[in-house]
Amino acid sequence: MEVLAVNNLAKKIGDKTIVSQIQMRVNQGEVYGFLGPNGAGKTTTIRMIVGLIKPTKGSVRICGHDIETDREEAMKSVGAIVENPETYSYLSGYKNLIHYARLAGIPNKEKRIKEVVTFVKLTDRIHDKVKTYSLGMRQRLGLAQALLGKPKLLILDEPTNGLDPEGIREFRGLVRQLADQGTAVFVSSHILKEMEAICDRIAIIKNGRIVTEQNVAKVLEGQGQKVRIKVDKIKKVEAFLQQNEISYQVIDHNTMDIPIAESEVSEFVRFLSMHNVNLRSIETVKDSLEELFFNFTADEEGEKKNA
Amino acid sequence: MRDIGIVILNEWMKMRHRLKIWLVFGMTILLAIGFSYLSFSGDQNKATDIASVQKNDLAYNTKALEKIKKNGNPEEIKELEKAIKGTKQGINTTENILKGNWKPAIQKQLEYDKAELENAKQDKKTLHSASTSNLEKQIAFNEHYLKQDEHPLLTHNAGSFSITESTAYSATKDVLGLGLSLLLPLMVILIIADIVSDEATRGTLKLLLIRPISRTKILFGKWIVSILVTALLAVIFFTTVLLTNFALYGTFGAHAPQFMDVSYIMQMVEQSPFVEPQYSQATLVPISEALFYGFLHMLIASIAITSLSFLFSTIFASAMISTAIPMVIVVAGSVLLSMSLKFPFLRYFICTNLSFSSTWLESTYASMSDFYLLTRTNITMTGSIMILLGWIVVPTVIAFIHFRKKDILNA
Ligand SMILES: Nc1ncnc2c1ncn2[C@@H]1O[C@H](COP(=O)(O)OP(=O)(O)O)[C@@H](O)[C@H]1O
Ligand SMILES: [Mg+2]
């Protein structure tokens, strides 16, 4: 089921186009990564999705409800952190949650608060004032307030900011658990490494435009094997590869990557020695997701420039 | 309705967990007590003092008369003799009131004053003068006491000014008159002017506005809480001043006469201007009733300040700016009003209408400048309340329209 549909969204402030042509679909139980460098327009897009700012163009539908014409209905299905999860620092974590639970119209508040607090592991400190919390604890409180209303769509804007590696690992676990329960999770980040492990799909935004959207599993699946060789007569190898129309990538004056499967490695080594090429080292390498994405974006940007 | 109730609960929870509101309440109480006490210790107009003032007057005038009796200006002599006669009559009345024998004394004083007024009106020189106005006032007051059948307050009518025995009520009127144009508005601003902008500054506004409750309802809840807290502050201020003055003066004097809605006309007497109060067109009520209206008025005036602060709070994302702007308006306004500016439109200015004692209650401070009398005091209670209602409705409507569509970008 489609939980979030973003259609051709654009925002202009003054003469400056912050984002444009944003097109996204997020389904139930899916974790959708929204990736881009700082200032790319992630938060601006999220603000439009939750109705904090009015799109200049385009529309947002959440569970079929238009955010502009049917905001209250739409927001019933949403829990969100936008930018930093600032809560009332002069109140306790618990009072903060009471505050948000009232606004969400949650029946049996105390019970639900207890559930989410346990879920984000904040039980020990929940009655302390938020001003005594660490950044990581504030993130957890932010997550807790977003989860109060059992949202169908959970929007998290850079939720790993301020978390230590252990916290990030824990956070991934929580997100996976929520997605498995059917929640659609829309999570933004500027660090791909943090995203690849939890996201089903990833969109990359640069300068206010989505440059690519990829299915993570498919990208990883389609990723070929590569071997990295170090040789003395690199020109000779290049000539051969060109003859046989095999693509390759020169890394430096004596190193190159060649896309061949592991099963073909021994044959390739034999071939090299036959042609008096001295093989100094050989290893199989895998592209990180980052590189793959980098290739995509580089390609598409290149295409645009050419066009 | 349920949604708004929820927002009100939340807003009150947030407000009472901040130190600020308690500091403001505490400060208001302390200042109310302090002002009342200061005004009490500076206040000499007690019953016995009026008697001694009258005696001093008599002694002074008698001496002066002796000096000029032989070869002085006959007109001056006549005037002094008249003054001595009036003071003697006053001393007589005072003594009788102090003895508890007030009714015949007041009746006699009334007859005397009425005759004096007749005379004064015949004479072109005294037709428009402070002493004639004072006579009119004294006649009205004494008739009021007879009608109420209540013990009169002692007055000493010394021609150009008159001292009246102070009571908790008159002191409350004076202290409030001082506090309303600056103190209470500033306290209201301190509490209200960041009710929205504080959330923008802290960054909590965005998480507040992504709930399944419309922005209008959230703002409405905040507005209601602002009004309630303002009303609470006004009640605290009023009650503290009144109770302090009860403690200082006792509770006597609720029935004392108080003019409301006195208008003033500028008269030229021998090339010099005289601002004449029009007592015949004014309303005379017991001072307790006037204070009740005064309380209503200060409530409405405070809510007007609240509405203005509320507007700035929705416009600016900085709590500091949204607090500073209404403060500057109130402070600059009170400075502006103490200057002798003669712009009739200033009567529609919010600061002009903040203090009831300078607008429609005849005030002890009202003789400060001609402008004061002509452009400000000629506002009636109803007129002032109308103007204030405008200051409530217009900013509030703008605040709601603005906030409903506003892009929440930086919070
Ligand atoms: N109020 C504003 N007026 C003009 N430009 C803004 C405003 N707020 C943000 N921007 C610009 O919009 C761009 C996108 O910002 P943002 O959505 O916060 O990026 P991200 O969340 O991806 O880091 C930035 O270049 C930023 O400078
Ligand atoms: Mg951001």
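By convention in this document, chain letters (A, B, ...) are assigned in the order of the sequence lines, proteins followed by strands, and residues within each chain are numbered from 1.
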Student: Could you tell me whether M386(B) atom CE has more than 12 heavy atoms of other residues or ligands within 6.0 Å of it?
Tutor: no

Student: Heavy-atom cut-off 4.5 Å, strictly under: side chain, backbone, both or neither for L103(A) against chain B?
Tutor: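 Both backbone and side chain of L103(A) come within 4.5 Å of chain B.
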
Student: For F119(A), is the CZ atom crowded, meaning more than 12 foreign heavy atoms sit under 6.0 Å from it?
Tutor: yes

Student: Check each atom of K406(B) against the heavy atoms of chain A and say whether the ones under 4.5 Å are side chain, backbone, both or neither.
Tutor: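 For K406(B), backbone heavy atoms alone lie under 4.5 Å from chain A.
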
Student: Counting only heavy atoms closer than 4.5 Å, note whether N96(A) contacts chain B via side chain, backbone, both or neither.
Tutor: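 Neither part.
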
Student: What are the two closest non-hydrogen atoms of D407(B) and K11(A), and how far apart are they?
Tutor: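 Result for this residue pair: OD2-NZ, 2.6 Å.
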
Student: Could you check which of I6(B), L205(B), D3(B), V7(B) has the highest count of heavy-atom pairs closer than 4.5 Å to chain A?
Tutor: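 Highest number of pairs under 4.5 Å: I6(B).
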
Student: Determine the minimum heavy-atom distance between G203(B) and E86(A), stating which atoms define it.
Tutor: O-OE1, 3.5 Å

Student: Are K217(B) and E72(A) side-chain neighbours, meaning at least one heavy-atom pair lies under 4.5 Å?
Tutor: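 No, side chains not in contact.
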
Student: Please tell me if the side chains of K20(B) and Y90(A) come closer than 4.5 Å, counting only heavy atoms from C-beta onward.
Tutor: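 No. Closest side-chain heavy atoms not under 4.5 Å.
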
Student: With a 4.5 angstrom heavy-atom cut-off, is it the side chain or the backbone of L19(B) that approaches chain A, or both, or neither?
Tutor: neither

Student: Using a 4.5 Å cut-off on heavy atoms from C-beta on, say whether the side chain of L209(B) contacts that of L52(A).
Tutor: yes

Student: So what's closer than 4.5 Å to chain B heavy atoms on R71(A): side chain, backbone, both or neither?
Tutor: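 Just the side chain, heavy atoms under 4.5 Å.
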
Student: Does any part of the side chain of H99(A), heavy atoms only, come nearer than 4.5 Å to the side chain of K14(B), both counted from C-beta?
Tutor: yes

Student: What is the distance from atom CZ of R47(A) to atom CG of L409(B), rounded to the nearest 0.5 Å?
Tutor: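 Output value for this atom pair is 6.5 Å.
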
Student: Taking atom CG of L207(B) and atom CD1 of I81(A), what is their separation to the nearest 0.5 Å?
Tutor: 8.0 Å

Student: Against chain B, label Q145(A) side chain, backbone, both or neither, depending on which of its atoms sit under 4.5 Å from a heavy atom there.
Tutor: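 For Q145(A), backbone and side chain are both near chain B.
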
Student: Show, in sequence, the C-alpha distance, side-chain angles and deciding distance for I210(B) and I155(A), and conclude whether the side-chain contact (heavy atoms from CB on, under 4.5 Å) test is met.
Tutor: CA-CA 11 Å; I210(B) 58 169; I155(A) 297 175; over 6 Å; no

Student: Need one label for K95(A): side chain, backbone, both or neither, based on atoms under 4.5 Å from any heavy atom in chain B.
Tutor: both

Student: Give the member of H17(B), R2(B), K206(B), E199(B) that has the highest number of heavy-atom pairs under 4.5 Å with chain A.
Tutor: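 Ranked by heavy-atom pairs under 4.5 Å with chain A, first place is K206(B).
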
Student: Show the nearest heavy-atom pair for residues R215(B) and G51(A), with the distance to one decimal.
Tutor: NH2-O, 3.4 Å

Student: Starting at OH of Y88(A), measure out to CG of D198(B) and round the result to the nearest 0.5 Å.
Tutor: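 Rounded to the nearest 0.5 Å, the OH-CG separation comes out at 9.0 Å.
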
